[in-house]
Structures are given as structure tokens and as C-alpha cells.
2 protein chains.
Amino acid sequence: MDKILTGNWKSMRPYASALDRLRNAGLRPTRQRLALAKLLFENGDRHITAEDLHSEARNAGVSVSLATVYNTLHQFTQTELLREVVVESGRAYFDTNTTQHSHFFFEKSGRLMDIPADAIEISQLPSAPDGAEISGIDVTVRIDA
Amino acid sequence: MDKILTGNWKSMRPYASALDRLRNAGLRPTRQRLALAKLLFENGDRHITAEDLHSEARNAGVSVSLATVYNTLHQFTQTELLREVVVESGRAYFDTNTTQHSHFFFEKSGRLMDIPADAIEISQLPSAPDGAEISGIDVTVRIDA
DNA sequence: TGGCGAGCTTAGAATCATTCTTAGCTTGAC
DNA sequence: GTCAAGCTAAGAATGATTCTAAGCTCGCCA
Ligand SMILES: [Mn+2]
Ligand SMILES: [Mn+2]
Ligand SMILES: [Zn+2]
Ligand SMILES: [Zn+2]
């Protein structure tokens, strides 16, 4: 049980309920976190900004402050419920797909789209200097549209 | 000669003088642009932020405003004297190496380091949806140090 | 069941990088 | 030399994000 409550549980079922996800992450299931988790995880794979999630929540009748949206997105990222994707300076996207995969980024619309992990292959990665840890590899294919 | 003055000249010599680079890009060689070009291009491959270039200029006794540093970096980027690299939301890096290559990003120090183009190989790129134009492929290897 | 402290939420201020505005300088073609 | 187009710069404005600090809420425990 201990492992479950400390978060970082890698083998989350894709259809785990919002409540289960919060429990597994060791986060209290508050009204705000539950509502945001539902919006994020019950609508398929998503790439969303804090502002967009905030307005989506309000449109859905959920009263939550922007500060809490930011707090929650960061907590979800830390507990690996989400992944942060950086493709444009000055804007952060949060991705509900936490597996290793790449993205198409449509520069005009600001839309992000997954590229399945097996549709791109990276060969002969250079080893990190000093034997430092590689914490991730981000591949973005920019589309001029 | 026309082609030279309209910028986008791909075959710039690596040791072209700052003045030549501005001429080739079709930019007036003002005192500020010359000074910034020298700082950027006479010190090997660099990855630098606007703020950092600004303080570097001032330390070197060059009087230039931050607004002009931003303007200049963007003009250099448009004329392909520089390439913009996004690895962290809220911070833009400008790269004096405009050839296709990847980066190590040291998350703690905020340092960027080139990975030679031939040290990484990407196979079977998926075609862009709709036959849209791919304007670039960014590969960032994040180092947790 | 009620109390309580840790944890959470929030409005609004603050921060930070970047962009904009606008007025005054430069540059270079003629 | 003159003059318009191009350029610079101080400071205000912007926009995303973070911080502050004050008041709620949650859930464990008596
Ligand atoms: Mn958005
Ligand atoms: Mn910096
Ligand atoms: Zn994704
Ligand atoms: Zn580089």
C-alpha cells in the first residue's frame, strides 16, 4: 500500500477513474482536483494549456481559480499523471499521454498532435557528457500551418 | 548581386566578418548591429538569451538597449543568421549554428550544447498530415544536471 | 461526532520575459 | 548637404506564470 500512496505509480490503468488517479498519486481528492482530473483524463489524449483548462472548467460550471489550475497541473506533472511539453517560448502545454512519444506542432494554430512512439526512431544517441542522467528526449516536428 | 542583398543567403562562409554578414542579410550595418554581430559570431558556436547578450554587450562597453537586442536577434533569425531554440517555457535561446542539429539541455544550469547532426539519426519520419510543410525538427536531450 | 492541524484554494499583487509605442537619431541615396 | 526611410531606445504595456497570505476543507483522532 505504501508505494501506492507515495505517487509515481507507473502502471496506471488507462481507464482509472479520476478518483483512483488522485489516490494513486497521493493527492487529496478535493473538488477542484477531481473536476480537473475528469476534464483532463476522461476526454482521450489531450495537450492543453493552463488558461485553456481554466476556461474549460468554468464553461463546465466548475468554479476554480487560475492559480489552482496551475498548482494542480504542476502537481499532476510531478506525480507523472501529466507531462509538460515545451514547443513555444512563453507557453506551456500539458500532455495526458505520459508515455515516450513525439509531437507534430502546428505553428499557426498552436495545436500539438502525438506521433506514435514507433513512427520515429532515434538511433545512436550520444551518451550524456560525464555520464549524467538523461531525463528525457523531446522530438518536435514543426509544421508550417 | 540582388540575391545577396535580399538576405537568406545560404552559403555564408563560417568566417565571414560581422559586416559581411549584415550586408548579406540586407541589414544596415549600424553600430549596434555590428557590435552584437561581433559578440555573436566571433566567439564560436553560441546559445544565448537576449538578456545575456545584452549584459555581455554592456560589459564590453557597447551601449545598446534591450529592445534593440531583441529586435536584432529577431532580424538575425529571420535572415537565417541565427536560429531560435525553445527548450524551456519562458526563455528563448538564439543559436549561432543554423545548420540542422540537436541539443543537450542541462536543466539545472540552463546550458545548451550542440549534438553533431551525425550523432543522432532519425528514421522513418511520419509524413506531415495533409501534405503540410515540415519547417523543422527539434530534438532535445534533457540532462538532469 | 467535533476538534484540529495540515493541506488546499484563492484573489490579487508581483515577477519576468518579451513586445509595443513613440519620439528622436542615423544612414545613405541623390 | 538634404531628406525620407530605417533604426534606436526609454518606458509603458502585455501575458503567462508565480507568489503571498488569509481563509477554507479534509480527514484523522479523541
Ligand atoms: Mn491556449
Ligand atoms: Mn540567461
Ligand atoms: Zn503528446
Ligand atoms: Zn545549437
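First the proteins, then the strands, lettered A, B, ... as listed; each starts at 1.
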**Length of the CG-P vector between B:Leu66 and D:dT8, whole Å** = 14 Å
**Message:** For the CZ atom of A:Arg33 and the OG1 atom of A:Thr68, what is their distance to the nearest 0.5 Å?
**Reply:** 9.0 Å
**Complete:** The residue, A:Thr68 or B:His74, whose nearest nucleotide of DNA chain C is more 5′ is A:Thr68
**Prompt:** Okay, side chain of A:Ser89, backbone of B:Val86: is any donor-acceptor separation there less than 3.5 Å?
**Reply:** no
**Same cluster (ILVMFWY, side-chain, under 4.5 Å), A:Val64 and A:Phe41** = yes
**Asked** Under 4.0 Å between a side-chain N or O of B:Gln32 and OP1 or OP2 of D:dA9?
**Response** yes
**Request:** Calculate the interatomic distance between B:Tyr70 atom OH and D:dG15 atom C1'; express it in whole Å.
**Result:** 13 Å
**Prompt:** What is the distance from CD of A:Glu84 to C1' of D:dT18, rounded to the nearest Å?
**Reply:** 13 Å
**Request:** Name the residue closer to the 5' end of DNA chain D, choosing between B:Asn71 and B:Ser89 according to the nucleotide with the nearest heavy atom.
**Result:** B:Asn71
**Asked** Out of D:dG27, D:dA9, D:dA5, which has the shortest distance to the side chain of B:Ala67?
**Response** D:dA9
**Request:** Indicate, with a heavy-atom threshold strictly under 4.0 Å, whether A:Thr72 touches base, sugar-phosphate, or nothing.
**Result:** nothing
**Message:** Nearest whole Å is fine: how far is D:dA16 P from B:Glu88 CD?
**Reply:** 18 Å
**Message:** Quick one, B:Asp114 and B:Asp95 - any side-chain contact, counting heavy atoms below 4.5 Å?
**Reply:** yes
**Prompt:** With a 4.5 Å limit on heavy-atom distance, are the side chains of A:Phe105 and A:Glu88 in contact?
**Reply:** yes
**Atom pair distance, as rounded to whole Å: CD in A:Gln75 and C1' in D:dT17** = 15 Å
**Message:** Nearest whole Å is fine: how far is D:dA16 P from B:Arg91 CZ?
**Reply:** 20 Å
**Asked** Atom CG of A:Leu27 and atom P of D:dC26: how far apart are they, to the nearest Å?
**Response** 15 Å
**Message:** Could you measure the distance from the CG atom of A:Asp52 to the CZ atom of A:Arg91? Nearest 0.5 Å is fine.
**Reply:** 7.0 Å
**Message:** Reading DNA chain C from 5' onward, which residue's closest nucleotide shows up sooner: B:Pro29 or A:Arg28?
**Reply:** A:Arg28
**Prompt:** Going by the angle between their ring planes, with limits at 30° and 60°, are B:Phe104 and B:Phe106 parallel, tilted or perpendicular?
**Reply:** tilted
**Range on DNA chain C touched by chain A, heavy atoms, distance below 4.0 Å** = C:dA6 to C:dA11
**Message:** Just the rounded figure in Å: distance from P of D:dA16 to CD1 of A:Ile48.
**Reply:** 14 Å
